[in-house]
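The basis for the numbers below is simple: all heavy atoms, side chains too, and nothing from hydrogens, waters or symmetry mates. No experiment lies behind these values; they were computed from the predicted model shown.
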Amino acid sequence: MEIVAKTFDELSTKELYQILQLRSEVFVVEQNCVYQDVDGKDKKALHIIGSKKGKVVAYTRVFGPGDYFENVSIGRVVVAKEERKYGFGKIIMTASIDIIGKRFPKSTIELSAQTYLLKFYNELGFVIEGEEYLEDGIPHIRMLKTE
């Protein structure tokens, strides 16, 4: 999997379409959650894109401090269903954390993590901060990683 980081203005139309398609496939269709994915925040985000043979198969979006949360944050973490067996979730998250380390040194990273993924995020160094809450009808928990 090839990984690149791009601002919104650097995204090609094809990349943006594939990103939105992947997010919709997983967050809306697979998770059966009707919500507004195109939330107006993509323009502020740094888009971390994992591609395989020209197709977006993994993705995160990163926000600087104050752009979404008080801390630097990672969101919309997604891997195509047919590609999950290759460890692309860990690869795209590790790349996102590395990119944050270069752009925002010594920053605390914040996630609004789906609760069922706690072990996955714990293995990447994130710890629970606070109580579980519902976001778009799905249990989430705030998690932080401090360098």
Query raised in the report: Can you tell me if T115 and E132 form a side-chain donor-acceptor pair at under 3.5 Å?
Result: yes
**Report entry** Distance-only donor-acceptor check, side chains E135 and Q114, under 3.5 Å
**Finding:** no
Closer than 3.5 angstrom, by distance alone: can the side chain of [X] be matched with the main-chain N or O of [Y] as a donor-acceptor pair?
{"X": "R23", "Y": "R76", "answer": "no"}
{"X": "E15", "Y": "S12", "answer": "yes"}
{"X": "R61", "Y": "V77", "answer": "no"}
{"X": "S73", "Y": "E110", "answer": "no"}
{"X": "S107", "Y": "F104", "answer": "yes"}

Which distance, rounded to the nearest 0.5 Å, do you find between the [atom1] of [X] and the [atom2] of [Y]?
{"X": "I74", "Y": "K145", "atom1": "CD1", "atom2": "NZ", "value": "9.0 Å"}
{"X": "T146", "Y": "E129", "atom1": "OG1", "atom2": "CD", "value": "8.5 Å"}
{"X": "T108", "Y": "N71", "atom1": "OG1", "atom2": "CG", "value": "5.0 Å"}

Contact summary for [X] and [Y], nearest pair of heavy atoms:
{"X": "H47", "Y": "T7", "answer": "CD2-C, 4.0 Å"}
{"X": "E131", "Y": "I141", "answer": "C-CD1, 3.9 Å"}
{"X": "I92", "Y": "G50", "answer": "CD1-N, 3.6 Å"}
{"X": "D39", "Y": "D42", "answer": "OD1-N, 4.0 Å"}
{"X": "L134", "Y": "P139", "answer": "CD2-N, 3.7 Å"}
{"X": "V127", "Y": "N122", "answer": "CA-ND2, 4.2 Å"}

Report summary line: Residues at least two apart in sequence or cross-chain that pass ring pair (Phe, Tyr, Trp, His ring centres under 6.0 Å) with F88, listed by chain then number, are Y86
Report summary line: The ring pair (Phe, Tyr, Trp, His ring centres under 6.0 Å) partners of Y121 (sequence neighbours excluded) come to none
Query - Pair R84-E30, salt bridge (Lys or Arg N to Asp or Glu O under 4.0 Å): steps then yes or no - result: CA-CA 14 Å; R84 293 180 191 152; E30 182 183 329; 2.8 Å; yes
Requested in this report: Could you walk me through whether I3 and I48 pass side chain to side chain contact (heavy atoms under 4.5 Å, CB included), step by step?
Outcome: CA-CA 7 Å; I3 298 176; I48 315 303; 3.8 Å; yes
Query raised in the report: When hydrophobic residues are tied together by side-chain contacts of less than 4.5 Å, even through go-betweens, does L144 share a cluster with V62?
Result: no
Query raised in the report: Under a 4.5 Å side-chain heavy-atom rule over Ile, Leu, Val, Met, Phe, Trp and Tyr, are I138 and M143 clustered together?
Result: no
Report task. Quick one: do E2 and K52 satisfy side chain to side chain contact (heavy atoms under 4.5 Å, CB included)? Show the steps, please. Result -> CA-CA 6 Å; E2 181 182 323; K52 186 175 160 186; over 6 Å; no
Query raised in the report: Between L111 and R142, is any pair of side-chain heavy atoms under 4.5 Å apart?
Result: no
Query raised in the report: Could you go step by step and tell me if K55 and E82 meet the salt bridge (Lys or Arg N to Asp or Glu O under 4.0 Å) rule?
Result: CA-CA 12 Å; K55 182 178 180 194; E82 66 276 6; 3.7 Å; yes
Members besides [X] in its Ile/Leu/Val/Met/Phe/Trp/Tyr cluster (side-chain heavy atoms under 4.5 Å):
{"X": "Y68", "result": "F63, F69"}
{"X": "V38", "result": "V4, F8, L11, L16, I19, L20, L22, V26, F27, V28, Y35, I49, V56, Y59, V78"}
{"X": "V29", "result": "none"}

Query raised in the report: Which residue pairs pass the ring pair (Phe, Tyr, Trp, His ring centres under 6.0 Å) test when at least one of the two sits in residues 125-147, sequence neighbours left out?
Result: none
